[in-house]
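Worksheet: one structure, shown below.
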Amino acid sequence: MAIGVALTVLVVGLMFASGLSQGKSPKRKYIVWGTTTILIIAPFFSWVVSILFAISQEEGFAGVALMMLLFPFFFIVGLVMLLIGIFKKESVNKFV
C-alpha cells in the first residue's frame, strides 16, 4: 500500500511538472525539472527503489544503504539542473 502511494505521488508529480514545462523556455524547463527532481523524484523514487531492493534481498540494511546512495545523487542532479536554470541567460534574437 505504501509503495502504491509513493508511486502515485511520483507519477502525479511528474505529470504536473510536464504540464508546467510544456511550451516554455529552456530556462523555465530547467527550473521546473530541477525543483521536481529535488522535491519529488529524489525522495520518492529512491525510497521505492530501496524498499523493493530490501524486500528482494530480505535485508533492510541493504535498502537503507541504497537509499543513502540514491537520494543524494538525485538531489545533486536536481540542484545542478535548478542552478543551470537560474543562471542561464535568455537567448534574445535581435533583428536590427
Side-chain angles (χ1 to χ4, degrees):
M1 179 69 179
I3 294 174
V5 171
L7 287 175
T8 303
V9 170
L10 186 61
V11 169
V12 169
L14 291 175
M15 289 172 37
F16 184 70
S18 177
L20 278 178
S21 66
Q22 191 172 11
K24 303 294 183 188
S25 68
K27 179 177 177 146
R28 170 77 180 237
K29 287 182 182 182
Y30 276 117
I31 292 172
V32 167
W33 282 105
T35 306
T36 303
T37 303
I38 290 172
L39 297 177
I40 296 174
I41 296 174
F44 290 106
F45 182 74
S46 64
W47 185 81
V48 168
V49 170
S50 300
I51 291 298
L52 291 175
F53 182 72
I55 290 170
S56 71
Q57 295 296 313
E58 299 178 357
E59 181 63 44
F61 289 112
V64 172
L66 184 62
M67 193 181 315
M68 289 173 57
L69 294 173
L70 287 178
F71 182 76
F73 174 74
F74 285 119
F75 188 86
I76 290 171
V77 167
L79 186 63
V80 167
M81 288 173 55
L82 181 63
L83 291 175
I84 288 172
I86 290 172
F87 294 113
K88 184 174 183 159
K89 304 259 187 200
E90 287 286 337
S91 61
V92 177
N93 294 332
K94 294 183 180 180
F95 295 105
V96 178

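When a residue number appears, it is its place in the shown sequence, counting from 1.
Under the 4.5 Å side-chain heavy-atom criterion for ILVMFWY residues, a single connected hydrophobic cluster contains both Phe71 and Leu39. Cluster annotation: Phe44 and Leu20 are assigned to distinct hydrophobic clusters (Ile/Leu/Val/Met/Phe/Trp/Tyr, side-chain heavy-atom contacts under 4.5 Å, transitive). In terms of hydrophobic clustering, with Ile, Leu, Val, Met, Phe, Trp and Tyr side chains grouped at heavy-atom distances under 4.5 Å, Val9 and Leu70 are assigned to a common cluster.
Using a 4.5 Å heavy-atom threshold, the side chains of Ile40 and Val12 count as separate. Proximity of Val48 to Leu10: side-chain heavy atoms (C-beta onward) are nowhere separated by under 4.5 Å.
Rounding to the nearest 0.5 Å places CZ of Phe45 at 10.0 Å from CG of Leu14. Separation of atoms OG1 (Thr37) and CZ (Phe75) is listed at 11.0 Å; rounding is to 0.5 Å.
Judged by distance alone, with hydrogens and angles left aside, the side-chain atoms of Ser50 form no donor-acceptor pair with the main-chain N or O of Trp47 at under 3.5 Å.
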Show every donor-acceptor pair shorter than 3.5 Å between a side-chain atom in residues 57-69 and any protein atom, with sequence neighbours excluded, or say none if there are none.
none

Anything under 3.5 Å between a donor and an acceptor, one on a side chain of residues 26-36, the other on a protein residue two or more places apart or in another chain? List them.
| from | atom 1 | to | atom 2 | distance (Å) |
| --- | --- | --- | --- | --- |
| Lys27 | NZ | Ile86 | O | 3.4 |
| Lys27 | NZ | Lys88 | O | 3.3 |
| Trp33 | NE1 | Ser21 | OG | 3.1 |
| Thr35 | OG1 | Ile31 | O | 2.8 |
| Thr36 | OG1 | Val32 | O | 2.8 |

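Taking the side-chain contact (heavy atoms from CB on, under 4.5 Å) definition, one finds that Phe73 meets it with Val77, sequence neighbours left out.
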